[in-house]
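Beneath this line is the structure, given in structure tokens, with notes to follow.
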Amino acid sequence: MECKDRGGVIAIPANGCQVGCCPLRPLTEEGETERHLHCGIDMFSLLRISCRTAARRAVVQGPRRDLSEGAVGGGGGGSGGGGGTGTGDGEGTGSAAVAAATRKRLDGLVKKDKVVVFIKGTPAQPMCGFSNAVVQILRMHGVEDYGSYNVLEDQEIRQGIKNYSNWPTIPQIYFDGEFVGGCDILLQMHQNGDLVEELKKLGIRSALLDAEKEDKK
Amino acid sequence: MSTLLKLLRSVPVLSSRAVIMTSATHAMDGPVMSAIHLKLEQRLTPTHLQVINESYMHAVPPGSETHFKVVVVSERFEGIPLLQRHRMVNDILKEELATRIHALSVQAKTPRQWGAEPHFDRSPACLGGSKHDPNVAVKLEALSKD
């Protein structure tokens with residue numbers, strides 16, 4: 001269907017946008033989906049993006065339902081207007097190609113640093129209590145230098161990392177490229193002393209060991 | 001720092017506010033809580049099981065069933081590493097996790113571990129992340145269609 005704001009052809013999932021908290025209040029029930037994609041506002045960052053990018057994201061990340069006719073416009077809209085997902089495959093080669101590219105990208109990310117976390121928000125400003133707990137635990141151990149990825153800014157990562165580790169929730173923690181667990185597991189490791197040991201294996205000395213030494217003086 | 005220590009300290013089961021909302025109150029069980037309870041009972045034959053609806057702690061409407069904590073004590077966890085225990089629970093609840101549950105906190109212990117330390121950790125305070133989260137909105141909508 002044709003975008004009234006910017007021209008071009010976009011595809012809308014058959015069951016439409018399911019986002020109940022969309023800040024763009026529609027005029028009518030039916031109008032909601034069209035309005036949501038037409039105005040090219042990214043539903044997560046509230047930044048303006050092209051209709052092609054919006055449609056591509058809706059197709060890739062939307063609920064698993066039948067899609068309406070019309071492939072996402074060929075040649076791909078991945079201009080990264082809204083804080084780019086950057087898969088760059090844009091040829092409409094299908095979800096399998098996207099999944100493979102995402103997997104490869106995540107593989108790179110989890111191996112880039114010794115400690116890698118996927119959280120909601122950032123270490124400076126976590127947006128979720130469980131993600132915050134992970135950040136605080138790492139901070140207690142003096143681990144400040146680690147890879148941190150905000151899933152709220154990147155839907156491709158948000159869903160992709162769940163598929164990658166076969167783990168349904170965020171936050172997710174990786175040590176040396178290997179999935180460790182979520183907040184509960186990190187907390188237990190912290191409580192039973194395993195975290196200090198695991199950090200040691202990574203060549204990181206936990207700050208708690210120094211704190212202990214200070215106490216004993 | 002002291003607030004953080006409070007966060008990380010375990011609390012005795014009986015004094016936890018969350019106990020009020022456990023599945024002991026069968027009359028108040030929503031469909032999601034019932035399903036979680038049933039599936040875990042069937043697959044893990046736990047000696048102790050608590051399914052706690054923690055949605056009230058988060059930025060979702062009253063009556064939601066999106067955030068849960070499960071405390072499950074089972075012989076089947078004996079000799080199984082922690083990550084695998086969590087994967088077992090996730091697998092049992094995979095349908096609910098795909099469609100209804102947004103957050104799941106799991107405490108998985110063997111009877112021996114539970115006997116030595118019969119309490120679980122409280123969940124951290126919400127930072128409002130669910131409020132503008134489209135993923136949560138999808139799951140809330142599914143609930144309202146029941």
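In this text, all values refer to a predicted model and were calculated from it rather than measured experimentally.
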B:Ser105-A:Asp184 side chain donor-acceptor pair, cut-off 3.5 Å: yes
Toward chain A, the part of B:His102 with a non-hydrogen atom under 4.5 Å: both
Pairs of heavy atoms under 4.5 Å with chain A: top-ranked of B:Leu82, B:Leu127, B:Asp91, B:Ile101: B:Leu127
Choice from A:Gly181, A:Pro126, A:Pro168, A:Gly182 maximising heavy atom contacts with chain B below 4.5 Å: A:Pro168
Among the listed options A:Gly129, A:Ser131, A:Cys183, the residue most often paired with chain B at heavy-atom distances under 4.5 Å: A:Gly129
Plane angle bin for A:Tyr174 and A:Tyr164 - parallel if under 30°, tilted between 30 and 60°, otherwise perpendicular: tilted
Interface moiety of B:Leu97 toward chain A, non-hydrogen atoms closer than 4.5 Å: side chain
Distance-only polar pair, side chains of B:Gln84 and B:His86, donor-acceptor under 3.5 Å: no
Distance (rounded to the nearest 0.5 Å) between A:Asp113 CG and A:Tyr146 OH: 11.0 Å
Distance-minimising heavy-atom pair for A:Ile173 and A:Val117: CG1-CG1, 4.0 Å
